[in-house]
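Written below as structure tokens is the structure these notes are about.
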Amino acid sequence: MDLRRSETAATEIRQMRTFGGFRSEDRFFYGEIRGDEVRVLKNPFWIDIEPTSEIVRLTNVAVNLPVAPSKLIAVGLNYSDHIAEMKRTPLGTPLIWFKSPGSLLPHDGTIEIAFPEHQTDFEAELAVVIGKTAKNILPERSLDFVFGYTIGLDISDRDLQKSEKQFGRCKSFDTYTPIGPYVYADVNVSDVSLELRQNGKVHQSTRTSRMIYSVAQIISFASQSLTLLPGDVILTGTPAGVGPIHAGDELEATIDDWPRLRNTVAIASQARFTGEK
């Protein structure tokens with residue numbers, strides 16, 4: 001059994017394709033990573049994988065946001081152990097809400113705590129990138145509409161979440177959704193490891209097979225209410241172990257053997273509002 005599992009894993013690694021967003025000086029582009037090179041694409045990869053003739057060294061570019069979604073959807077209470085630690089009860093259906101796409105933060109970016117006097121928590125999650133327009137999709141067809149997967153963090157202001165009784169604002173401040181470093185296509189995520197380290201210490205550790213609602217079920221459920229578009233991102237929920245972040249922290253989120261999503265933490269500028277008097 002172990003040998004067969006190892007062979008299956010090796011096959012998936014060979015088949016997996018890796019895409020991302022990159023910056024070279026003042027130019028941004030999407031590309032596909034092949035070894036230590038990036039093949040520059042004409043369009044966002046979730047729309048069309050058409051390479052240009054240009055190839056650049058991975059060491060010569062900076063990793064930037066890997067996606068540009070029209071919608072950023074989050075799922076809550078999707079692991080039983082997290083439901084228990086939050087002292088909530090299962091709802092019987094997926095709990096979804098919107099996060100602002102403006103909250104996205106790339107790998108190696110700095111999470112800026114908007115209100116340092118509030119408890120602000122990390123939440124590591126598997127993120128889904130939609131590849132085709134999806135509306136009223138059955139669960140058994142849902143994965144046909146997935147382009148790939150990446151790692152995400154859902155940074156959450158608990159004080160606002162408790163006082164406002166909704167999740168949109170408390171999770172949508174600028175920098176509150178780190179994501180990346182890359183997007184992985186042609187990979188099976190039904191039972192992969194998910195881990196969050198804060199300053200080197202493991203705080204969250206689970207497997208995606210423990211989700212209450214699978215990726216297919218979540219996509220089907222969301223598509224009954226709204227149209228999912230190529231490039232849209234769905235965060236699929238976090239396991240137990242969430243905790244507060246502080247200035248100076250280093251967070252590392254890992255799924256399976258993918259490169260880690262790494263971010264640091266600081267306090268946002270006290271000048272929260274700008275404009276002429």
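We count residues from 1, following the sequence as given. The analysis underlying the following values was restricted to heavy atoms, covering all of them including side chains, and did not include hydrogens, waters or symmetry mates.
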Inter- and intrachain pairs under salt bridge (Lys or Arg N to Asp or Glu O under 4.0 Å), touching residues 82-91, at least two apart: none
Fellow cluster residues of I137, listed by chain then number, with links counted only when side-chain atoms sit under 4.5 Å apart: F145
Partner set under ring-ring contact (aromatic ring centres under 6.0 Å, His included) for F221, not counting sequence neighbours: none
All pairs passing salt bridge (Lys or Arg N to Asp or Glu O under 4.0 Å) where residues 200-214 contributes a residue, at least two apart: D191-R207
With sequence neighbours excluded, residues passing ring-ring contact (aromatic ring centres under 6.0 Å, His included) with H118: F115
E25, CD atom: more than 12 neighbouring heavy atoms under 6.0 Å: no
ring-ring contact (aromatic ring centres under 6.0 Å, His included) involving F28 - partner list, sequence neighbours excluded: Y30
Same cluster (ILVMFWY, side-chain, under 4.5 Å), W46 and Y149: no
Nearest-0.5 Å distance that lies between atom CG in L143 and atom OG in S220: 10.5 Å
Lys/Arg-Asp/Glu bridge criterion (N-O < 4.0 Å) met for R27, E54: yes
Common cluster, V75/F167, ILVMFWY with side-chain heavy-atom separation under 4.5 Å: yes
Contacts of H203 that satisfy ring-ring contact (aromatic ring centres under 6.0 Å, His included) - sequence neighbours left out: F122
Under 3.5 Å: donor-acceptor pair, side chain of S163, backbone of D159: yes
With sequence neighbours excluded, residues passing salt bridge (Lys or Arg N to Asp or Glu O under 4.0 Å) with K42: E50
Of T177, D154, D157, the residue whose pairing with K171 passes side-chain hydrogen bond (donor to acceptor under 3.5 Å, both in side chains): D154
Approximate separation, where rounding is to 0.5 Å, of D81 CG and I83 CD1: 9.0 Å
4.5 Å side-chain heavy-atom contact, V128 and V189: no
For the student: nearest non-hydrogen atoms of N188 and V192, plus distance: O-CG1, 3.6 Å
Same cluster (ILVMFWY, side-chain, under 4.5 Å), Y182 and I49: no
Interatomic spacing from CD in Q198 to CG in D249 - rounded to 0.5 Å: 4.5 Å
E32 and R39: CA distance, side-chain angles, deciding distance, salt bridge (charged side-chain N to carboxylate O under 4.0 Å, His left out) verdict: CA-CA 5 Å; E32 180 176 6; R39 302 190 176 206; over 6 Å; no
Under 3.5 Å, side-chain donor or acceptor atoms of residues 233-241 against the rest of the protein: list the pairs with distances, not counting sequence neighbours.
unit_1, atom_1, unit_2, atom_2, d
T236, OG1, L126, O, 2.8
T238, OG1, A124, N, 3.2
T238, OG1, A124, O, 2.8
T238, OG1, Q204, NE2, 2.8

From L196 atom CG to L153 atom CG, the distance as rounded to the nearest 0.5 Å: 6.0 Å
Criterion ring pair (Phe, Tyr, Trp, His ring centres under 6.0 Å) on F19 and F147, from CA distance to verdict: CA-CA 10 Å; F19 300 85; F147 177 87; 5.2 Å; yes
Within one Ile-Leu-Val-Met-Phe-Trp-Tyr cluster: I73 and M211, side-chain cutoff 4.5 Å: yes
Check: K132 side chain, L229 main-chain N or O, donor-acceptor pair, under 3.5 Å: no
Residue list, side-chain contact (heavy atoms from CB on, under 4.5 Å) with S80, at least two apart or on another chain: I212
Closest non-hydrogen atom pair between C170 and Q161, with its separation: SG-CB, 3.5 Å
Residues that, via side-chain heavy atoms closer than 4.5 angstrom, fall in one hydrophobic cluster with V242: M86
OG1 on T264 to CZ on R262, rounded to 0.5 Å: 9.5 Å
Within-4.5 Å side-chain heavy-atom neighbours: R197 and R260: yes
Side chain to side chain contact (heavy atoms under 4.5 Å, CB included), paired with I255, selected from L261, T150, L194, T208: L194
ILVMFWY cluster, V40 and I47 together (side-chain gap under 4.5 Å): no
N/O donor-acceptor pairs under 3.5 Å from side chains in residues 58-70, not counting sequence neighbours:
unit_1, atom_1, unit_2, atom_2, d
S70, OG, D232, OD1, 2.6

Heavy-atom donor-acceptor pair, T175 side chain to L105 backbone, under 3.5 Å: no
Donor-acceptor contact present, side-chain S103 to main-chain S100, <3.5 Å: yes
